[in-house]
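Just so it is clear, the model here is predicted, and its values are computed rather than measured. By convention in this document, chain letters (A, B, ...) are assigned in the order of the sequence lines, proteins followed by strands, and residues within each chain are numbered from 1.
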Amino acid sequence: MTEATTTPMFAVVGPPNYGKSSIVATLAADESVEISDVSGTTVRSRRFPMVVDRQELYALWDTPGFQRPRQTLAWLREHRGADAGPADHPRIVRAFVEAHRSDERFAAEVELLTPILQGAGILYVMDGSAPYSRSYEDELEVLRWTGQPRIALINPFDEAPYVGEWEAAFRQHFANNVVVFNPLTADFQRRLDLLEAFKLMDDAWRGSLQRAIDALRRDRTDRHARSARAIAQLVADAVAASVQQGLPDRGDRGQIAGQLRQRYEAKLRRIEQDGRQRVEAIYDYRRLQRDETELTVGEQDLFAQEQLRWFSGPRWRQVVRGATLGGGAAMGIDALFGGLASGVPTLIGAGVGGVGALVAPLVEKARLVQLPGGRVLRVGPSRNIEFARVVLNRAMLHRHLVARRTHATRGVLHVPPAGQTTPWDQTLDDATGKALVRTLSGILRDRTDAVKALAEVIRTCDPDADDPGIGWFQQTGTGRPGN
Amino acid sequence: MDATSVRGSALADLVNLSRQLHEDGEAADTALWQRDRAVAQSLTQTGSEADQLRAWLHAVGADRSAGSAVAARVALITFAAAVIGLFVGASLARWLLHYDGDHPISVVNVLLALVVLPWGLVVLLIGLALTPGLRSLGEQAGIDAGLWLALALRLAPARVREPLVQALARSRQNLVLFGRVARWVVLRWSQTFALGLSVGVFVTTLWLGLGRDLAFAWSSTLDWPPRVIFKLTQVVSTPWRWVWPDAAPTLELIEASRYWRLEQAQGRQVLDPATLARWWPFVLKCTLVWGVLPRAVLLAAVHGMARRSTARAIVRLPGAADVLDRLSRRHVRLQSSEPESARRERSASIPGPSAEVEGSAGRHWAVILWGGAPVSESWARSQLQQRWRSEAERVVHAGGGEDAPAWGDADAAMVIVAARAPQQQELAEHLAAVREALGPGRSIELAVVGVDAARRPAAPRPRDVASWRTWAGSLGDPWMRVVALPSGPMEGGDD
């Protein structure tokens, strides 16, 4: 008899290289799961518990594929005995596992059957691109002998012309517990739908699975809120970035300005990189490689004009302001001590900018700062709302791609360059657009509540970052969207 | 632990929190969740967000040295401001209330210095705070948050200044938040000094009146009727006149205490000291009601604003919202805590036999349809004919429970598998059996065939062929090759 368990467990089983690990990776949001086109990648069963504050609500088992299903079934039949009936089958399977626990030839079968004998339900994975064949029936028979509830998952892969064939075949073995599930494209709701299907396997598991579904739903909303905060902080940090360099009495100011711009861009990229990693970590990606055009302000005028063309509509022309917003000195922490070395307050030269939205550089031109003992040339912080919006839209696009991606997807995340997708803020209605402008202006003015306000705008305007139904992410050019 | 029971300096907690959040920025997300969920179990979720953050800070055992040092210095400066204010106030009162018996104390001077002037400064301060234009003017003159922060950092002990600067430099928001708190702290120092001064004046006035005979009079070049002065004093004494009517000068007192220096010098005016002394209660009440009390109220207001600014800064520090999130939200984890097991090392895929294979054309071929390969025997024979211009000696089915086939005279084998057939050990064992039957040097072709939607044989996907090559390479048979079917006639080599 298999052991009874009140905490649902599910063993993902099937032939090798049919996507079992991909399904586990997607359901467990675990990028550490080894996935490969090479058969036999998984050699040991691995447990993936779903835990909410140390309370386990269910667990998945990734198992190696069957390697000797015919021989296994032959052994079971051979040891069945003349008087044994279906009720004895689980006992005979257990005897098989005990007899072959040290037998390397049946290591895969022992690994995949052990969690089932501990009470795990069976998730049998089949490749929808492979035609039905009786050769799979040996595995199905072995699994049927365990007596555990089971559900069939048909993994459609790319083109899957045999999904219907498998659905019909599986109904004989799994009743109506047949689900088509693509681990590479399944969105969050689809994953929840699969857990809903698991509830049908055993009544004793319904409560725990329902709690798990509710917790996952709340957690998903929380992660979107957290990523909204991370993006708002990224925008604030990018806007506030500044670099400065001492200006000798004799020297090429143009050359120094060029060096400053490079340092400034490098700083912006670091800030953006940190922000990307924070967002990715929120969605449980820690090794994601991404391909994204770098944020640059090198070609200031060109960049400004191109960005304005993308973003500008009648509404934005009304609200775009000049570069300088508000008063106050912008003092970097490094300037504070230098400036007060002799107790003389730092004097800040008048900022240049604000001549007009269409020609204003995204960043104020470098400002000359008079300090005791010398002058410095400083670039940043930005006072241009267009820059803030560029950073914001890039971050929103990245978040959308990350949230939609499944953990079974491997390879580089391609973030399309600006111009190939509709910027996020262009999809907002007028009222929300104005609210966005107000919060961005607040960030430019160092309002300390502006970051929270921006996070709230993002959260309320894009509450379900991974919903494919949200239309703002529209590909407008010829580039491919992210994986 | 109740979040509202946290005591101690909020300013110290603000400093320590910024450092702790800076350290947390380097920590792994999972570790933070585990730590903070454990803290959340021990905290009572009451109190404001600032209270929760302070309680969290104490619960995680954050390093408190920096905050304590800063708070200690702030407290020391506050104490010094009060003491200095007391001293200055006492000195001022002694100077203004100096009476040597020759000339009475001018009530006008005393009230101007101890009441009108301080009140003027209070009104100016409130005006600067409430008028946006004036406030902006102040900022543009350089009196901005950054300046206050720099001043405050100067006061931090050297050993904590560097880590504090690093924590603050993490985000411009930190600078702005701390700068605004620093501004209120500095303002609180100034009001503490001012209150100390007012108290010094009051206490000295009280002491001098109790211990010495004071005589007050008033004089002016202007022709002010006593009735006008009386009305002014009535207005000034309004707050206490209904409780202490004796502490308000009467019209007679005002008339009797007008003082002409020339007349007195000429002996033509004699002032009654006992009458002149009756001004003292009024003067004393003025220093209390118009000196001490407003400053106390202002200090209380500034103190409240400083606390509010500190609490706001605590909540708005970058990273604070994430802490609150972790305290209030349940942590959901799906990933395995077990490491991925080591992968089996694979040989490189083999494009073709690595060892010399005897010529395959014209050989006696056995064709094996493995595991229900979706091809017919006739198709298999035709493929062999196209490929090697050979007839199949025999076509057998395997992988479906059949016994091991008899080979007869076959000296080469083509094992046809479906492209998406599982790559299992049973097939590997069967291939090993085929090798044993054929012997070394004889060709085994593992033929991979795809299937179209109509279940007809079709060219397999290149990645399926590559997968089969990798798998076959692991078998270590140097005379085995993987080919794709259907294919054309072979002229040598692999397709």
Side-chain angles (χ1 to χ4, degrees), chain A residues 15-18 28-30 32-34 37-41 43-44 46-48 50-53 65-71 105 127 129-131 133-135 161 215-216 219 222 226 229 233 236-237 240 281 284 327-329 331 333 336-337 339-340 345-347 381 446 448-449 451-452, chain B residues 29 37 136 139-140 142 144-147 149-151 153-154 165 168-169 171-173 175-177 180 312-313 316 318 321-322 325 329-338 340-341 343-344 346 371-372 374 399-401 418 420-426 451-453 455 463 466-467 470-471:
Chain A
N17 211 24
Y18 274 28
D30 193 331
S32 74
V33 177
E34 288 282 356
D37 287 338
V38 176
S39 172
T41 302
V43 296
R44 289 285 178 266
R46 194 172 167 214
R47 193 165 183 274
F48 295 79
M50 189 271 185
V51 178
V52 179
D53 272 353
F66 276 98
Q67 292 292 332
R68 292 185 169 80
R70 284 190 308 125
Q71 296 172 33
R105 294 180 308 135
D127 177 7
S129 64
S133 166
R134 289 187 57 191
S135 63
L216 286 170
D219 179 66
D222 291 344
R226 286 206 296 274
R229 277 204 303 274
Q233 189 62 54
D237 290 344
D284 291 321
M331 297 170 73
I333 187 66
L336 287 176
F337 285 88
L340 292 168
T346 300
L347 300 176
D446 288 333
T448 57
D449 58 345
V451 174
K452 184 178 178 181
Chain B
D29 207 40
R37 288 311 298 158
S136 172
E139 286 182 356
Q140 290 187 16
D144 67 356
L147 180 63
L149 176 59
L151 282 171
L153 282 171
R154 282 279 162 192
V165 167
L168 293 181
S171 164
R172 180 176 169 81
Q173 254 180 294
L175 301 181
V176 175
L177 287 169
R180 288 178 187 168
R312 189 180 298 171
R316 292 181 182 176
D322 289 335
D325 207 40
R329 308 279 184 217
R330 305 184 75 185
H331 182 215
V332 174
R333 183 175 167 81
L334 296 162
Q335 295 81 28
S336 176
S337 55
E338 304 164 5
E340 180 71 74
S341 56
R343 295 179 60 174
R344 187 178 300 144
R346 297 278 178 187
R420 290 300 298 157
Q423 296 159 353
Q424 294 170 321
Q425 284 301 308
E426 286 179 341
V451 186
D452 65 13
R455 279 183 160 268
R463 73 173 191 222
S467 174
T470 303
W471 180 81

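Listed for the A:D30 side chain is a donor-acceptor partner under 3.5 Å among the backbone atoms of B:S336. In this structure, B:E426 contributes its side chain and A:R70 its backbone to a donor-acceptor pair below 3.5 Å. Panel note: side chain B:Q424, backbone A:P16; no donor-acceptor pair is recorded below 3.5 Å.
Distance check: A:R226 CZ to B:D29 CG gives 7.0 Å after rounding to the nearest 0.5 Å. The structure places CG of A:N17 at 5.5 Å from CD of B:Q423, a figure rounded to the nearest 0.5 Å. The CZ atom of A:F48 sits 10.5 Å away from atom CZ of B:R333, with the distance rounded to the nearest 0.5 Å.
Using a 4.5 Å cut-off between heavy atoms, B:A313 does not touch chain A at all. Heavy atoms closer than 4.5 Å to chain A are found in both the backbone and the side chain of B:R330. Looking at B:R455, both its backbone and its side chain come within 4.5 Å of chain A, counting heavy atoms on both sides. Using a 4.5 Å cut-off between heavy atoms, A:S32 contacts chain B through its backbone alone, with no side-chain atom that close. Proximity to chain B is limited to the side chain of A:D127, based on heavy atoms less than 4.5 angstrom apart. B:A418 does not touch chain A: none of its heavy atoms, backbone or side chain, sits under 4.5 Å away. Looking at A:Q233, only its side chain comes within 4.5 Å of chain B, counting heavy atoms on both sides.
At least one side-chain heavy atom of B:E338 sits less than 4.5 Å from a side-chain heavy atom of A:R47.
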* Determine, step by step, whether B:V332 and A:M50 satisfy the side-chain contact (heavy atoms from CB on, under 4.5 Å) criterion, reporting the C-alpha distance in whole Å, the side-chain angles of both residues, the deciding distance to 0.1 Å, and the verdict. => CA-CA 7 Å; B:V332 174; A:M50 189 271 185; 3.9 Å; yes
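When all heavy atoms are compared, the tightest approach of A:T448 to B:R316 is OG1-NH1, 2.7 Å.
Between chain B and the residues A:A130, A:A28, A:P15, A:A240, the most heavy-atom pairs under 4.5 angstrom are made by A:A28.
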